[in-house]
Amino acid sequence: MAGGEGFSSDQQTEIDRAIRSAETSCRFEFSVYVGPAEGESHAFAQRLHASLSAPDRSVLVVVDPSARLIEVITGSVVRRSLTDDAVRLAVAGMESSFAAGDLVGGIKHGVAQLAESARQPATLHE
Amino acid sequence: MITHDTARRHRPARALAAGILSALALVLAGGVLAPASADTPSAWESAPDVSPLGFLLVLVIFPLGIAAVVTILAVLPSLASDRGYEPGESWRGDAEWFGGPARGVRAADDVAPEQIEASRASTGGTSGRW
């Protein structure tokens, strides 16, 4: 019985769709890791982020449901438009969703909020 | 005007009563007439004998069996469906990486320590707990 072990295919599709729409809206790469963080969580997240294909332009969200922790790593280019304060706000939203038991919803909204904050305002003049 | 309306309102009831009466008359007439023509014509083949078991089989067991099969077919998919992670339960699934490298977490093992050190200085982000 697959129930209760990891995400169902519907849930995976939902998260995939959230990531894709985030990427199209802000033109940065998004990646979400859900699972146990090996060793120290921040170092683990850094390692995963560095292994992405374009780390500078990537946002990595690490969610460890058993240790109940979140790590968000923003690349050096993303960081210019997505400030750490904005990330902190999105993480706070995710924390409250996760605390309510809504893992999939929290990830979806968190990713969407990060993308919304990372979206550069259209420049009307050069 | 008012009397005209009430008259119209009574008409369907009257028609219904007439219908019931005529239907009853027909049934009674049939009941009276039927015994006269009850005999099977001798030219007809005699009906085959049906054992009580055959009767039960066709009229009770087959329909119940078909109903049971249909019920099982309808219920089975929802029982076996993949419900996925449910709120509040502990995470027992494997690690999943959406939008990560094709090799998954093992790709992170190949990252050189200097590379991580370099990215640590330039990356941003935050941590949280719940």
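Because only heavy atoms are used, hydrogens play no part in the values below, and waters and symmetry mates are left out as well, while side chains stay in. Worth saying up front: this structure is predicted, and the values here are computed from it rather than measured.
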Determine whether [X] and [Y] fall in the same hydrophobic cluster, where Ile, Leu, Val, Met, Phe, Trp and Tyr are linked whenever their side-chain heavy atoms lie under 4.5 Å apart.
X         : Y        : result
Leu59(B)  : Leu53(B) : no
Ile107(A) : Val62(A) : no
Phe28(A)  : Leu60(A) : no
Phe30(A)  : Leu82(A) : yes
Ile15(A)  : Val72(A) : yes

Donor-acceptor pairs under 3.5 angstrom involving side-chain atoms of residues 31-43 of chain A: please list them, not counting sequence neighbours.
unit_1	atom_1	unit_2	atom_2	d
Ser31(A)	OG	Trp97(B)	NE1	2.6
Ser31(A)	OG	Phe98(B)	O	3.2
Tyr33(A)	OH	Pro36(A)	O	3.1
Glu40(A)	OE1	Ala43(A)	N	3.2
Glu40(A)	OE2	His42(A)	N	3.3
Ser41(A)	OG	Glu71(A)	OE2	3.1
His42(A)	ND1	Glu71(A)	OE1	3.0
His42(A)	NE2	Gln46(A)	NE2	3.4

Mind checking which of residues 122-130 of chain B sit less than 4.5 Å from chain A, heavy atom to heavy atom?
->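 Counting heavy atoms that sit under 4.5 Å from chain A, the residues of residues 122-130 of chain B involved are Ser122(B), Thr123(B), Gly124(B), Gly125(B), Thr126(B), Ser127(B), Gly128(B), Arg129(B), Trp130(B).
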
Most heavy-atom pairs under 4.5 angstrom with chain B, which of Ser66(A), Ser53(A), Ala45(A), Ala50(A)?
->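 The answer is Ala50(A).
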
Hey, which of Asp102(A), Val77(A), Ile73(A) has the most heavy atom pairs under 4.5 Å with chain B?
->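 Of Asp102(A), Val77(A), Ile73(A), Ile73(A) has the most heavy-atom pairs under 4.5 Å with chain B.
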
Tell me, for [X] versus chain B, whether the close heavy atoms (under 4.5 Å) come from the side chain, the backbone, both or neither.
X        : answer
Leu48(A) : both
Asp64(A) : backbone
Val78(A) : neither
Arg47(A) : both

According to the ring-ring contact (aromatic ring centres under 6.0 Å, His included) rule, which pairs have a member within residues 68-90 of chain A, sequence neighbours left out?
->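 Of all non-adjacent pairs touching residues 68-90 of chain A, none passes ring-ring contact (aromatic ring centres under 6.0 Å, His included).
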
Donor-acceptor pair, Glu96(B) side chain versus Gly6(A) backbone, under 3.5 Å?
->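 Pair absent, no side-chain N/O of Glu96(B) close to backbone of Gly6(A).
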
Is there any residue in residues 84-91 of chain A with a non-hydrogen atom under 4.5 Å from a non-hydrogen atom of chain B, and which ones are they?
->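 From residues 84-91 of chain A, the residues near chain B are Asp84(A), Val87(A), Arg88(A), Val91(A).
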
